[in-house]
Amino acid sequence: MVGMSLLRPSMRQLFIRLPLQKKSVLQSQISVRNAGHERKMVIIPTKFEWTQFKNDLHFYFLLGLVPMGLLITYANMFIGPAELSEIPEGYEPKEYEYYQSPIKRWMAKYIFEEPMKEYERSLHTLHVEGERRYWNMLYKKVKVLMQDRLDYRGWYWVDADKSIMDLQKELKEYNDRVIGNK
Amino acid sequence: MGGEDSDHSKPVKSSITDLKIQNIAYGLFRAVDGPVTYFRENIVEPLQRRNTSEKFYHRQFKRVPTIDQCDFEDPVCIYEADQQFFRDKQVDSNIVKFLRQRMIECITWEGPDSNYKCRKLQEDYETTATNWFIKYGDIRTHKGSIEAYMKQKHRLIWERQHPDIKLH
């Protein structure tokens, strides 16, 4: 562009590909609109299905088949499945030692929770809920009987939380000790 | 269990076409199986043999009290009995399945002779299947231990009330 500036300003416009002004038929300078292009709609057959197929092939093959295939090949060739053997005397096998495939063993070690733990946890929940159910049903039964027979003055007894009173009693005793009341 | 009939007449001499077809079949089999077996025996198994330090065991379940030894409405005991019942049901179902498979294989192998050659297997399967249906038939899958217990009780009462009629 430095060389261009040596030319006269009027000649400059002949050498620039996109001139800003040109001489029109009526010998006056008009602005040239260098925007836009030849408008064409090219009608070709669709490439949508081919592109979609390539997308899907690359996705499922390169992100799915190849990594998983390599992982499974490595796990089965270089680590290998475990052998079946008798449980030794007095030995409690760990949870992951109940599976044969190395991938399943790894998952049992690091990802999943032991089924025994889940079993015991569900047993605990059942026990707690069963106790709650028992006391609720007993309470309702007693209430119904008292309403029917009207022979027991339990209808003004209110359940209270004993822990608050225990706490208050402890605080009172502590204060008495500190202050010196007997 | 091979279909060899040595006390019958000698087998018919096979024509050359039979042998050719057999060879072609074997050839096709070996064409597919050969590389795979070679790969496994010469590459995979030596690698696996180098790292045999891991063992795996079969899970052993302890026996818990069954439903007839549980307290009434004891949810913990009932849950454990249900789980044990489900495991026993799986074991029994697999036993029935294997006996059925044996019977079917025998019938398929023997063909027209199956009526008298597979009699024992058929009888075994029929008795086992009948017993399975007596114990587990028409009962829910997971919470079925109480239902199985009640079913047995009703069956015994019915048998006591109708001593002449044989159920099975």
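Residue numbering restarts at 1 for every chain, and letters A, B, ... go by the order of the sequence lines. Atom set for the values below is all heavy atoms of this structure, side chains included, hydrogens, waters and symmetry mates excluded. Just so we're clear, the structure is a prediction, and the values are computed from it rather than from any experiment.
When side chains are defined from C-beta on, B:Phe56 counts as touching A:Gln100, because their heavy atoms get closer than 4.5 Å. For the pair A:Arg105/B:Glu54, a side-chain contact is recorded, criterion being any heavy-atom separation below 4.5 Å from C-beta on.
Shown here is B:Asn23, whose CG atom has more than 12 heavy atoms of other residues, nucleotides or ligands within 6.0 Å. Atom NZ of B:Lys151 has more than 12 neighbouring heavy atoms from other residues, nucleotides or ligands inside a 6.0 Å radius. Within a 6.0 Å sphere centred on CZ of B:Phe61, other residues, nucleotides and ligands contribute more than 12 heavy atoms. Crowding of A:Met116 atom CE: a count of heavy atoms from other residues, nucleotides or ligands under 6.0 Å exceeding 12.
When heavy atoms are compared at a cutoff of 4.5 Å, B:Ile43 approaches chain A solely by way of its side chain, counted from C-beta outward. Only the side chain of B:Gln83 comes within less than 4.5 Å of a heavy atom of chain A; its backbone N, CA, C and O stay farther away. At a 4.5 Å heavy-atom cutoff, A:Thr125 makes no contact with chain B through either its backbone or its side chain.
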(request) Report the C-alpha separation of A:Leu84 and B:His58 in whole Å, then their side-chain angles, then the decisive distance to 0.1 Å, and conclude whether the side-chain contact (heavy atoms from CB on, under 4.5 Å) test is met. (result) CA-CA 8 Å; A:Leu84 182 58; B:His58 276 321; 3.9 Å; yes

(request) Output, in order, the C-alpha distance, side-chain angles, deciding distance and verdict of side-chain contact (heavy atoms from CB on, under 4.5 Å) for B:Arg59 and A:Glu95. (result) CA-CA 9 Å; B:Arg59 208 189 287 266; A:Glu95 175 55 32; 3.0 Å; yes

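B:Ile139 and B:Val96 fall into different hydrophobic clusters, where Ile, Leu, Val, Met, Phe, Trp and Tyr side chains are chained together by heavy-atom contacts under 4.5 Å. A:Tyr99 and A:Ile103 fall into different hydrophobic clusters, where Ile, Leu, Val, Met, Phe, Trp and Tyr side chains are chained together by heavy-atom contacts under 4.5 Å. Under a hydrophobic clustering in which Ile, Leu, Val, Met, Phe, Trp and Tyr are joined whenever their side-chain heavy atoms come within less than 4.5 Å, directly or via other members, B:Phe98 and B:Trp132 fall into different clusters.
Atom CG of A:Leu126 and atom SG of B:Cys77 lie 11.5 Å apart (nearest 0.5 Å).
Between the side chains of B:Glu80 and A:Tyr119, at least one donor-acceptor pair of N or O atoms lies under 3.5 Å.
Counting all heavy atoms, side chain and backbone alike, B:Pro75 lies closest to A:Gly130 at CG-CA, 4.0 Å. Considering every non-hydrogen atom in both B:Tyr57 and A:Pro88, the closest pair reads CE2-CD, 4.1 Å. Minimum interatomic distance between B:Leu47 and A:Met77 (heavy atoms only, all atoms of both residues): CB-O, 3.4 Å.
For residues 128-151 of chain A, every residue pair satisfying the side chain to side chain donor-acceptor pair (under 3.5 Å) rule, not counting sequence neighbours, is listed here: A:Glu129-A:Arg132, A:Arg133-B:Glu73.
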